[in-house]
2 protein chains.
Amino acid sequence: MNDSASNGTDSGTDGTSPGPRRSDATRAAILEAARERFAADGYERATIRAIAKDARIDPSMVMRYYGNKEGLFAAAVSYDLKLPDLTSAARDEVGRALVTHFLAMWEENEELTAMLRVGATNQGGAERMQEIFREQLLPVARQACPDPEQAPARAGLVASQLLGLALTRYVLRFPPTVALAREEIVAWLGPTVQRYLTAPSP
Amino acid sequence: MNDSASNGTDSGTDGTSPGPRRSDATRAAILEAARERFAADGYERATIRAIAKDARIDPSMVMRYYGNKEGLFAAAVSYDLKLPDLTSAARDEVGRALVTHFLAMWEENEELTAMLRVGATNQGGAERMQEIFREQLLPVARQACPDPEQAPARAGLVASQLLGLALTRYVLRFPPTVALAREEIVAWLGPTVQRYLTAPSP
DNA sequence: AGCGTAGGCCAACACGTGTTGACAGTCCAG
DNA sequence: CTGGACTGTCAACACGTGTTGGCCTACGCT
C-alpha cells in the first residue's frame with residue numbers, strides 16, 4: 001500500500017516534465033527481464049530473484065522501484081490491445097483484420113503471453129483479462145455485430161478463438177499450431193471470427 | 001524414482017486381484033481434493049498441505065501414497081479424453097459431435113480444467129497436453145479430414161478453438177462465455193470445428 | 001491372545017520465497 | 001568543497017513449501 005513511485009526530484013529548470021533519472025536504464029532492464037520471466041514462467045515461478053539476476057542488479061532494487069511483486073507485474077505488462085478503429089474497415093473484412101492485428105500484437109512482444117500465463121493461474125490476472133475483454137474487445141463487437149444485445153456473447157466467442165490460438169501456439173506450443181504461417185492462420189481464423197461477429201445466430 | 005505403489009498384501013484367497021485396502025477411502029479423498037485444488041489453483045499454488053487439509057489427513061500421507069507432488073498430479077488427473085469413434089458418425093456432423101463430447105467431458109469433472117491450468121504454467125503439464133493432442137485428437141483428424149497430410153494443422157486449429165473455449169469459460173471465466181448454454185456453444189462452435197476438419201484449405 | 005503390519009499423526013529439516021533495513025559509493029546543487 | 005539525495009549491495013528476517021523419519025494406534029491373521 002505504500003508509494004514507491006513518489007519522486008519529487010526534477011532534474012532541470014523545466015518544472016513540468018518528470019525529467020530523466022539516472023536509473024532509467026536499470027528500471028527498463030528490470031521491466032524487460034520481468035516481461036520475459038512472466039511470459040516464460042507465469043506469476044508464481046517468475047521469482048524476483050531471477051528477474052533481478054537477469055537485469056544484473058540486486059533483488060532489493062526491484063522492491064524499491066516497484067514496491068512489490070504485484071506492482072512489478074502491473075508495471076511490466078500493459079493492458080492496451082491497441083485495437084484499430086474498425087468502423088472504417090470493410091464490413092466483411094473485420095474478421096481478417098482482427099486476427100491479423102492480434103497476431104501482430106502477440107508476436108511483437110511478450111506482454112500478452114505473460115498476461116495469458118498469469119491469467120491462467122492467478123486470480124488477479126484473470127480479472128485483469130476480464131477487464132481487457134470488457135473494455136476493449138466488447139466495444140468492437142458492439143460496433144461490428146448487428147444486434148447490440150448479442151454483442152457480449154459474440155465477443156466471448158471471438159475471444160475463445162483468439163485466446164485459444166494464443167494458448168496453443170505461444171503457451172502450450174502444439175507443434176502443428178506453431179508451424180502455421182501467419183497468413184494461414186488469418187485465412188483459417190478470419191472467417192470464423194467474421195462469422196461469430198456478423199452471422200445471424202444459428 | 002522410488003516406488004510408493006508397491007504393495008504385496010493381498011487380503012483374500014484370490015491371488016490375482018490386488019484386493020481392496022483399508023486405506024482406499026483415504027486415497028480416494030486425497031485424489032478428489034487434489035483434483036479440486038489443481039483445477040482451482042494450478043500446480044504451484046495447489047499445496048500439498050492444502051490438499052491434505054481438504055482430505056482431512058496429514059500431509060505426510062500424501063507423500064506415502066503418491067511419492068511426491070508430481071506423482072500425486074499424475075495419479076489425480078487422467079489423460080483419457082474418451083473420444084468416441086467418429087467413423088460411424090455422419091461425415092458432416094463430426095464437428096458438432098466433437099464439441100458436444102468435449103463440453104460433456106469438461107463439465108463432468110474438474111480433471112481437464114486442472115490439466116489446462118497446470119499446462120499453462122508447468123513445463124511438464126504442457127508436454128502432457130501435447131501428448132494428449134498428438135495421441136488422441138490427431139487420429140480423429142486423420143480420419144475426418146480429406147488429405148491426411150493436412151491432419152496435423154487441422155487438428156491444431158480444432159484444438160485452438162476447443163481449448164480456447166475451455167480457457168475463457170472454465171479458467172478465465174469471461175461472463176458472456178460462462179453464460180452461454182451448451183446448445184448455443186455447440187451451434188456456434190460445431191460448424192467451426194467442422195470447417196477446420198473437412199473444408200478445403202482456404 | 002499375541003503379534004506383525006499397515007494407517008495415521010507429529011515434529012522437524014532444508015530450502016526458496018517476498019520483503020526489509022542498514023551500509024557504502026556517486027553524482028549534482030549550493 | 002560540502003551536504004544531501006540517489007543508486008546500488010549485502011545480509012538477514014519471517015514465512016511457506018516439499019519432504020522425511022519417528023512414534024503411536026488399531027486392525028487382521030495365525
Side-chain angles (χ1 to χ4, degrees), chain A residues 1-15 18-30 33-34 37-38 41-74 76 121-122 124, chain B residues 1-15 18-30 33-34 37-38 41-74 76 121-122 124:
Chain A
M1 290 301 174
N2 58 358
D3 52 345
S4 61
S6 65
N7 283 30
T9 64
D10 299 0
S11 67
T13 52
D14 46 352
R21 278 157 305 196
R22 188 153 46 94
S23 62
D24 277 348
T26 302
R27 294 177 125 94
I30 293 177
R37 285 285 178 176
F38 281 130
D41 299 338
Y43 191 80
E44 336 291 334
R45 300 176 65 123
T47 69
I48 289 188
R49 281 175 166 86
I51 293 171
K53 181 179 263 185
D54 287 359
R56 300 162 161 271
I57 44 93
D58 192 85
S60 62
M61 301 298 297
V62 179
M63 308 302 300
R64 198 195 311 256
Y65 289 147
Y66 299 102
N68 53 26
K69 191 176 182 179
E70 206 173 341
L72 171 64
F73 179 76
T121 325
N122 197 271
Chain B
M1 288 299 177
N2 58 357
D3 52 345
S4 61
S6 65
N7 283 30
T9 63
D10 298 1
S11 68
T13 52
D14 46 352
R21 278 157 304 197
R22 188 154 46 95
S23 61
D24 278 347
T26 302
R27 294 177 123 96
I30 293 177
R37 285 286 178 176
F38 281 130
D41 299 338
Y43 192 81
E44 337 291 335
R45 300 176 64 124
T47 69
I48 289 189
R49 282 174 165 86
I51 293 170
K53 181 178 262 185
D54 287 359
R56 300 163 161 270
I57 44 93
D58 191 85
S60 61
M61 302 300 296
V62 179
M63 308 302 299
R64 182 177 303 194
Y65 290 147
Y66 299 103
N68 53 25
K69 191 176 181 179
E70 206 173 341
L72 171 64
F73 179 76
T121 324
N122 197 270

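Quick note: numbers below take in every heavy atom, side chains included, and nothing from hydrogens, waters or symmetry partners. All chains are named by letter (A, B, ...) in the order of the sequence lines, taking the proteins before the strands, and each is independently numbered beginning at 1.
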Show the nearest heavy-atom pair for residues B/N68 and B/M63, with the distance to one decimal. CA-CE, 3.7 Å

So which atom in A/T121 and which in B/G42 form the shortest heavy-atom distance, rounded to 0.1 Å? CG2-CA, 4.4 Å

The salt bridge (Lys or Arg N to Asp or Glu O under 4.0 Å) partners of B/E44 (sequence neighbours excluded) come to A/R45

Between [N] ([atom2]) and [X] ([atom1]): distance, integer Å:
{"X": "B/N68", "N": "D/dT20", "atom1": "CG", "atom2": "C1'", "result": "13 Å"}
{"X": "B/Y65", "N": "D/dT19", "atom1": "OH", "atom2": "C1'", "result": "17 Å"}
{"X": "B/K69", "N": "D/dG16", "atom1": "NZ", "atom2": "C1'", "result": "12 Å"}
{"X": "B/Y66", "N": "C/dG7", "atom1": "OH", "atom2": "P", "result": "12 Å"}
{"X": "A/D24", "N": "D/dC6", "atom1": "CG", "atom2": "P", "result": "14 Å"}
{"X": "B/M63", "N": "D/dT19", "atom1": "CE", "atom2": "P", "result": "4 Å"}

Parallel, tilted or perpendicular: which one describes the rings of A/F73 and A/Y43, with boundaries at 30° and 60°? perpendicular

Side chain to side chain donor-acceptor pair (under 3.5 Å) filter on B/T47, not counting sequence neighbours, yields none

What does A/S60 touch in the nucleic acid at a heavy-atom separation under 4.0 angstrom: a base, only the sugar-phosphate, or nothing? base

Hey, which of these two, A/M61 or B/E70, hits DNA chain D nearer its 5' end, going by closest nucleotide? A/M61

Judged by atom type as modelled, is there a donor-acceptor pair below 3.5 Å linking the side chain of A/D58 to the main-chain atoms of A/M61? no

Pull out every residue in residues 43-53 of chain B that has a heavy atom closer than 4.0 Å to any atom of DNA chain D, ordered by number, or say none. B/A46, B/T47, B/I48, B/R49

Counting side-chain heavy atoms from CB outward, which of D/dT9, C/dC9, D/dT19 is closest to B/D58? C/dC9

